[in-house]
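This is a predicted model, so every value here is computed, not measured. The residues of the chain are indexed from 1 along the displayed sequence. Computation of the quantities below employed the complete heavy-atom set of this structure, encompassing side-chain atoms and omitting hydrogens, waters and symmetry-equivalent molecules.
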Amino acid sequence: MKYISTRGDQTQRGFSEILLEGLAPDGGLYLPTSYPKIDDATLTKWRGLSYAELAGEILSLYIDDIPQADIKALAAKTYTKAVYGFDEITPLKPLEPGLALQALSNGPTLAFKDMAMQLLGNLFEYELARRGESLNILGATSGDTGSAAEYAMRGKKGVRVFMLSPHGRMSPFQQAQMFSLQDPNIHNLAVEGVFDDAQDIVKAVSNDLAFKRQYKIGTVNSINWARLLAQVVYYFAGYFYATKSNAEKVSFTVPSGNFGNVCAGHVARMMGLPIDTLVVATNENNVLDEFFRTGAYRVRGSAETYETSSPSMDISKASNFERFVFDLLGRDGAKVKGLFKDAIEQEGGFQLSADDFAKVAQYGFVSGASRHSDRLATIKDTFERFGVVIDTHTADGLKVAREHTRPGVTMLVLETALPAKFAETIVEAIGQQPQRPSWIAGLDGLESLPKRFVVVPKDTQTVKDYVVQHCQD
Ligand SMILES: *Cc1c(COP(=O)(O)O)cnc(C)c1O
């Protein structure tokens, strides 16, 4: 299996070549040259596998430059009951006949990003050891990504993490989660500014190619193909948990921001998983909902990007969306480049032709949006009727899912975070504190643990100096 760019560069690269990379050199994203097709007999065989075994099978189809036995061992090491609390790893929580949540947020940081990031940590450690190299991961976070990256990379040989966050702007729980880590390879830098300032510093450092090369700077952002690949696994698992035979179809509703999670659903469907509909759910930041309703993709500026109570979906452009459009346009790299480079840079967006937009329905995508009042109502209703407390992002998903259910097709709503992470809105909705998961050690009293972080001004040189001083530790 080889990988190509979505913007026309036909150079074929192996998995371990793109594992540690972000964008392709032409600015595109990596995708496999084709999707392996899963036949009925294979589906039946996979139905009987554990989550870790299933992950091993799927990863092996996409990775041919790591020995299969090693891939399977990495999957087995990653997806354990000890880390995820349940044998099924992503168990279903049935709400009513034909409607269930699929729990993707049982990992160490209580959000679905652990599903991919935990595997990435093990893959990075493996690949760096094989090459005899090390990597300094530099990132900016407003919460979920940074904590997932730190918990995945803590204690990993050959990897250091330098994570920038806006000083004083994360929730107390998120801060405590990240800043309580005492591992010497994890560095928290609290930037005196907002998230965009932190992000700008990361971009400035990454644009200094000489510095980047000398100090082996890497990233773990959501465009990384290995993260997307890890996410394909739970669509298969969810399908098997929800059905008895391969003749049945299942729909998924996915709370979306950067289109990474739902893009993995698209890949699963391209492989032949019997998915009926993929429902894209957004919050007030409805860039994607607008596209799936109208065929217009309009990137927003920061003034038009709202801070909401489902903050991990507050995006102004969906960084993984280009992958889907590449498939939609028959893998025409020149056309994709015309849209994502030329049209977005010059006009801030594009409108698909009627013919191209008609294909969206053939791919089985629909969408919807949700607002703060919808979240509150959905959280309250779900608690009162089923005794289940859901988080704000999952509430966006459930609200939109109910607009797209069809008789005879089970709808799975992906639970992307646990309510304990967003306690303030939960209290607003149901008047009580959400519980913290019992299977994760150390969550009680997390906020009172000693914190390890440094405050830095919003200044690129200060961050560079810090990396230089600490990248040999
Ligand atoms: C990151 C995140 C999302 C959005 O996922 P994308 O892959 O960016 O679409 C949704 N919910 C939660 C809780 C998240 O952390």
Please list, chain by chain and in numerical order, all residues satisfying side chain to side chain contact (heavy atoms under 4.5 Å, CB included) with I440, sequence neighbours excluded. L110, P437, L443
Extract all donor-acceptor atom pairs below 3.5 Å that involve side chains of residues 330-340 and protein atoms in other chains or at least two apart in sequence.
unit_1 : atom_1 : unit_2 : atom_2 : d
R331   : NE     : D327   : OD1    : 2.8
R331   : NH1    : P32    : O      : 2.9
R331   : NH1    : T33    : O      : 3.0
R331   : NH2    : P32    : O      : 3.2
R331   : NH2    : D327   : OD1    : 3.4
D332   : OD1    : A334   : N      : 3.2
D332   : OD1    : K335   : N      : 3.1
K335   : NZ     : D356   : OD2    : 3.0

Identify the heavy atoms of G28 and T6 that sit nearest to each other, and give their distance. CA-OG1, 3.5 Å
Of all heavy-atom pairs between A75 and A55, which one has the smallest distance, and what is that distance? CB-CB, 4.1 Å
Can you list everything that forms a ring pair (Phe, Tyr, Trp, His ring centres under 6.0 Å) with Y235? Sequence neighbours excluded, please. F252
Ring pair (Phe, Tyr, Trp, His ring centres under 6.0 Å) pairs, two or more places apart, involving residues 105-160: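 For residues 105-160: none.
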Keeping to residues at least two apart or across chains, list the ring pair (Phe, Tyr, Trp, His ring centres under 6.0 Å) pairs with something in residues 57-83. Y51-Y79, Y62-W225, Y79-Y84
For residues [X] and [Y], establish whether the separation of their ring centroids is below 6.0 Å.
{"X": "W46", "Y": "F240", "answer": "no"}
{"X": "F321", "Y": "F291", "answer": "yes"}
{"X": "H470", "Y": "F162", "answer": "no"}
{"X": "Y30", "Y": "Y3", "answer": "no"}

Side-chain donor-acceptor pair present, Y306, N286, cut-off under 3.5 Å: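 Per modelled atom types, Y306 and N286 side chains form no pair under 3.5 Å.
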Enumerate, atom names and distances included, each donor-acceptor pair closer than 3.5 Å involving a side-chain atom of residues 209-219, sequence neighbours excluded.
none

